[in-house]
Amino acid sequence: MSEKICKRCLLRDLSVKDRENIEKYISVIKKEDRTPDELYQKRLGICLECDRLEEGTCLSCGCYVEFRAALRSSACPKKKW
């Protein structure tokens, strides 16, 4: 039996390894370059509702949405945030 993949999930929701990897990548972002947590969560909420999210990846640009959302200077390629 194959494991079911959640197409509309963030990486942190797919597996422990994915969660650890994204946390590792985000942890190397300088504090002054990181999005404040409240805004980060708001951005992710918008991404979760987007039809361009698939398995934690933005189909518009190919980025991992959790990493893009964590960068203060980043913007959604579809201009949703």
What pairs with C58 under side-chain contact (heavy atoms from CB on, under 4.5 Å), at least two apart in sequence or on another chain?
-> S60, C61, C63, V65, P77
Using atom types as modelled, flag every donor-acceptor pair under 3.5 Å from a side chain in residues 40-48 to any protein atom, sequence neighbours excluded.
residue	atom	partner	partner atom	Å
Y40	OH	E66	O	3.4
R43	NH1	T35	OG1	3.2
R43	NH1	A69	O	3.0
R43	NH1	L71	O	3.0
R43	NH2	R72	O	3.4

Following the transitive rule for hydrophobic clusters with a side-chain heavy-atom cut-off under 4.5 Å over Ile, Leu, Val, Met, Phe, Trp and Tyr, establish whether Y64 and W81 coincide in one cluster.
-> no
Quick one: does P36's side chain get under 4.5 Å of E38's, heavy atoms only?
-> no
L10 reachable from I29 in the ILVMFWY side-chain graph, under 4.5 Å edges | yes
Spell out, yes or no, whether L59 and F67 are grouped together once hydrophobic residues are joined by side-chain heavy atoms under 4.5 Å, including indirect joins.
-> no
Would you please name every residue forming a side-chain contact (heavy atoms from CB on, under 4.5 Å) with K17, sequence neighbours left out?
-> S15, N21
